[in-house]
Amino acid sequence: MADFDPEGALAAAARGDQHAWESIVQAYSGLVWAIARGYQLSAADAADVFQGTWLRLVEHLGDIRDAARLGGWLASVARREALALLRQASRSLPVDDLDRVGGGVEDTGAAVDTRLLRAEEHREVWQAFGRLSAQCQRLLRIVFADPPPRYEEISAALDMPVGSIGPTRARCLASLNAQLNQVTAE
Amino acid sequence: MSMDDEELGQMLRDLLAASDPVPPPSMQAAYEAIGWRDADSELALLAAEPAAAQLRGGQSQLLTFSSGGLVVDLEVAEANDGSVRLVGQLDPPHAAEVTVESAGGARWVRADDQGRFAADGLPGGWTRVVVADGATRQTRTATEWFLA
């Protein structure tokens, strides 16, 4: 993301430049997806949040004045769309949807094969992750999205003051480590 | 097994990227979203929290969008076959050409001189309504995207 220029990309995309638009999607897709999944939406609802976020950006391409805050803007929109879907209770899924996602780790082919040595570790980390509070799972998903989001973006995604992110991140990682010790001891 | 925050964070990042990536169809749809750019229309914003209503046994939602001079009231209902039916009312009431846009494509319907229009058999998902004033065709208004 080092060579991504949000201001230039926004201006070009507003003129209909497909390549510039795709560079914006690539830069922030990991963050937007992590937010949708972090609010524990099903894959189908997460896909709706993801697409809705890009449609909103297309609607507002002409009126985003501060390009440096584009990521934060997208994070706020994704959070709002995720919460709107969550309010429709019938569409929300129980927390154990995560288990289904986690189950994929063992039977996902190539991506994991290349790291055979670490597969067992991965399985344990995933299992430990699934035991964390919903708040910690959400924060860690967003903090460790790829490419790594900036603090203002994390703040917008979680509606949490920037100053609270570091301590909460540390606390959630400590919980993860504790759960991991328990998982490996079992 | 115990790790420091750096190791653990890196492992989590790898794990999330490998096990729950953005699905390729979603990336593709996002790339194509720029095709819906409509810089010439005025945007009609969702005015209030959508109200859920129970109508004829089915679930429906009532949405109100407004821009400077136009209010678009919509009732979005799911039909038995899973398709979506849209009934709309323009305020002030006037005849207009109405386009209902969604991932499934575009549908053209006419609003009568009372400003009423309807479209059924819609695919659902992200949808918006574009209203072109029947008299002048100069003014176009697009609602925000909503989930039907």
Side-chain angles (χ1 to χ4, degrees), chain A residues 13-14 16-18 20-22 25-26 29-30 32-34 37 43 46-48 50-62 81 84-85 88 90 101-102 104-105 108 111-112 115 118 121-122 124-126 129 140-141 143-146 148 169-170 173-174 176-177 180-181 183-184, chain B residues 1-46 49-50 52 59 61 63 65 78 101-103 124-128 130 142-148:
Chain A
D17 183 322
Q18 178 75 31
W21 170 253
E22 291 187 7
V25 173
Q26 280 160 9
S29 58
V32 173
W33 184 250
R37 295 297 272 160
D48 277 341
F50 188 76
Q51 179 68 0
T53 302
W54 303 115
L55 288 171
R56 298 261 177 263
L57 179 57
V58 170
E59 270 172 359
H60 293 283
L61 267 180
E81 296 295 339
L85 268 187
Q88 302 180 24
S90 61
V101 176
V105 176
T108 308
V112 177
R115 301 195 186 94
R118 302 183 74 184
E121 254 182 344
H122 269 157
E124 289 170 350
V125 172
W126 195 250
F129 182 77
L140 292 176
R141 267 182 185 269
V143 165
F144 293 109
D146 185 29
R169 174 187 186 274
L173 281 175
L176 181 59
N177 238 328
L180 195 53
N181 285 324
V183 166
T184 48
Chain B
M1 174 164 67
S2 191
M3 291 183 250
D4 67 31
D5 282 6
E6 281 303 303
E7 284 179 305
L8 199 53
Q10 189 52 49
M11 182 166 288
L12 204 50
R13 197 189 307 282
D14 291 350
L15 194 57
L16 289 166
S19 61
D20 193 15
V22 185
S26 288
M27 280 305 280
Q28 194 54 41
Y31 289 153
E32 288 165 8
I34 187 70
W36 294 109
R37 174 118 174 95
D38 182 357
D40 301 327
S41 289
E42 202 179 331
L43 190 62
L45 302 173
L46 186 61
E49 272 301 293
Q59 194 70 23
Q61 48 174 341
L63 306 171
F65 297 91
E78 196 178 327
E101 296 179 338
S102 66
W126 288 105
T127 304
R128 72 174 169 185
V130 183
T143 68
E144 288 188 284
W145 290 94
F146 56 91
L147 261 184

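Here is the naming used below: chain letters follow the sequence lines, and residue numbers restart at 1 for every chain. Bear in mind that the values here come from a model prediction, so they are computed numbers and not experimental data.
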Is chain A contacted by the side chain of B:A29, its backbone, both, or neither, given a heavy-atom distance below 4.5 Å?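 Answer is both: backbone and side chain atoms of B:A29 are under 4.5 Å from chain A.
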Sort B:L43 into side chain, backbone, both or neither according to what part of it lies under 4.5 angstrom from a heavy atom of chain A. side chain
Distance in Å, A:W54 CH2 paired with B:M27 CE, rounded so as to fall on 0.5 Å steps: 7.5 Å
May I ask you to test the [X]-[Y] pair for a side-chain heavy-atom distance under 4.5 Å?
X: A:W33; Y: B:P21; value: no
X: A:H122; Y: B:D14; value: yes
X: A:L55; Y: B:R128; value: no
X: B:L12; Y: A:V143; value: no

For A:A46, which atoms come within 4.5 Å of any heavy atom of chain B: side chain, backbone, both, or neither? neither
Contact class of A:V32 relative to chain B, heavy atoms under 4.5 angstrom: neither
Backbone N or O of A:D146 within a donor-acceptor pair of the B:R13 side chain at under 3.5 Å?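 Looks like no, no N/O pair under 3.5 Å.
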Can you check whether B:L16's main-chain N or O pairs, donor with acceptor, with A:W126's side chain at less than 3.5 Å? no
Relative to chain B, which of A:G30, A:A84, A:A13, A:A14 shows the most heavy atom pairs under 4.5 Å? A:A14
Based on non-hydrogen pairs under 4.5 Å, which of A:V58, A:L140, A:V183 is most in contact with chain B?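 Max contact count across the listed options: A:V58.
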Of all heavy-atom pairs between [X] and [Y], which one has the smallest distance, and what is that distance?
X: B:A30; Y: A:V25; value: CB-CG1, 3.7 Å
X: B:Y31; Y: A:Q18; value: O-NE2, 2.9 Å
X: A:E59; Y: B:T143; value: OE2-O, 4.1 Å
X: B:A33; Y: A:Q51; value: CB-NE2, 4.2 Å
X: A:L173; Y: B:L8; value: O-CD2, 3.7 Å

What pairs with B:W36 under ring pair (Phe, Tyr, Trp, His ring centres under 6.0 Å), at least two apart in sequence or on another chain? B:W145
